[in-house]
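Naming convention: chains lettered A, B, ... in sequence-line order (proteins, then strands); numbering from 1 in each chain. This one's a predicted model, so the numbers in the text were calculated from it and none came from an experiment. FYI, side chains are in, hydrogens and waters are out, and symmetry mates aren't considered; it's all heavy atoms of this structure.
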Protein chains: 2
Amino acid sequence: MSKAIKGCPIDQTIQAIAGKWKAVIIHVLLHTPVCRFSELQEKLPDCTRRMLALQLKKLTADGIVKKRVYATVPPKTEYSLTSRGKQLGPVIEGMQDWGKQG
Amino acid sequence: MSKAIKGCPIDQTIQAIAGKWKAVIIHVLLHTPVCRFSELQEKLPDCTRRMLALQLKKLTADGIVKKRVYATVPPKTEYSLTSRGKQLGPVIEGMQDWGKQG
DNA sequence: CCGTATCCAAGTAGATACTG
DNA sequence: CAGTATCTACTTGGATACGG
């Protein structure tokens with residue numbers, strides 16, 4: 001999302017969870033700690049495969065989500081939150097609560 | 001930000017605070033409850049007048065910020081959080097904390 | 001099953017100049 | 001002082017088709 005604001009912690013966080021899907025993906029992973037790609041798809045039916053893969057990549061790059069790949073046939077991957085990712089729990093739940101009151 | 005995800009509270013919240021500036025504007029207003037336009041400019045030197053005005057408009061439309069205009073010369077406006085806006089406090093502070101650890 | 005590639009529409013952000 | 005207008009560049013998100 002364009003450029004970061006220098007020395008602004010909030011902006012760091014915004015960049016990490018911004019976009020249409022990242023926060024909801026984290027929310028799913030908070031309640032389902034280990035998730036396969038197809039599970040995430042089922043839980044987020046409005047998110048295309050492309051967007052899901054893209055956002056998971058960003059989340060992984062930011063150290064929020066970790067990915068485990070099993071070299072099996074058919075392939076299998078599991079996504080889960082890192083400890084840093086889990087620390088976003090209160091923020092995400094707070095967003096959930098606020099949204100429910102809207 | 002494109003279209004809302006049906007029946008998803010988190011998405012509501014994301015849409016309300018997304019973008020490069022809205023969350024930091026709210027943060028300023030949490031610590032300086034009543035702010036003139038020029039005060040906000042001073043506190044957010046990297047935000048152009050245009051962006052500041054735009055985001056304040058969205059925040060006002062979403063019922064997070066309220067605006068008070070004094071019909072004086074020179075003109076004077078004051079921005080503050082609505083009660084609904086203040087309820088975002090914990091979320092915004094949580095984002096601040098998480099970002100500081102990054 | 002788990003993605004990537006390509007293409008396109010829409011939104012977001014910045015620079016700059018102008019106004020009541 | 002507190003905005004708006006215009007013009008442009010970049011980013012995001014969706015549809016669809018293809019690949020390991």
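Remark: P of C/dC2 and CD of A/E42 are 10 Å apart, rounded to the nearest angstrom. A/L52 places its CG atom 11 Å from the P atom of C/dT4, with the value rounded to the nearest Å. As a whole-Å value, the separation of A/Q15 CD from D/dT12 P is 9 Å. The NZ-C1' distance, from B/K3 to C/dA9, rounds to 14 Å in whole Å. If you take CD of A/Q41 and P of C/dT4, they are 13 Å apart, rounded to a whole angstrom. To the nearest angstrom, C1' of D/dT11 lies 12 Å from CD of A/Q55. To the nearest angstrom, C1' of C/dG14 lies 11 Å from CG of B/L54. Separating the NZ atom of B/K57 from the P atom of C/dT12 is a distance of 15 Å, rounded to the nearest angstrom.
Listed nucleotides D/dG13, D/dA2, C/dT12 differ in distance to B/K58; the shortest reach to its side chain belongs to C/dT12. Taking every side-chain heavy atom of A/P75 into account, C/dC2 is the closest of D/dG13, C/dC2, D/dC1. With C/dC7, C/dA17, D/dA5 as the candidates, the nucleotide lying closest to the side chain of B/R49 is C/dA17. Comparing D/dA2, C/dC2, C/dA15 by their nearest atom to the side chain of A/S38 picks out C/dC2. Residue B/P74 has its side chain nearest to D/dC1 when only D/dG20, D/dA15, D/dC1 are considered.
Across all strands, B/Y70 comes closer than 4.0 Å to no nucleic acid atom at all (heavy-atom distances).
The main-chain N or O of B/Q101 is never found under 3.5 Å from a side-chain atom of A/R84 such that the two would form a donor-acceptor pair.
In this structure, the separation between CG on B/L29 and CD on B/E39 is 9.5 Å, given to the nearest 0.5 Å.
Remark: the A/R50 side chain and the C/dG3 base include no donor-acceptor N/O pair separated by less than 3.5 Å. No donor-acceptor contact under 3.5 Å links the side chain of B/R36 to the base of D/dA2.
At a cut-off of 3.5 Å, with distance as the only test, a side-chain donor of B/E78 or B/Y70 sits close to an acceptor on the other residue.
The side chain of A/T77 places an N or O atom within less than 4.0 Å of a non-bridging phosphate oxygen (OP1 or OP2) of C/dG3.
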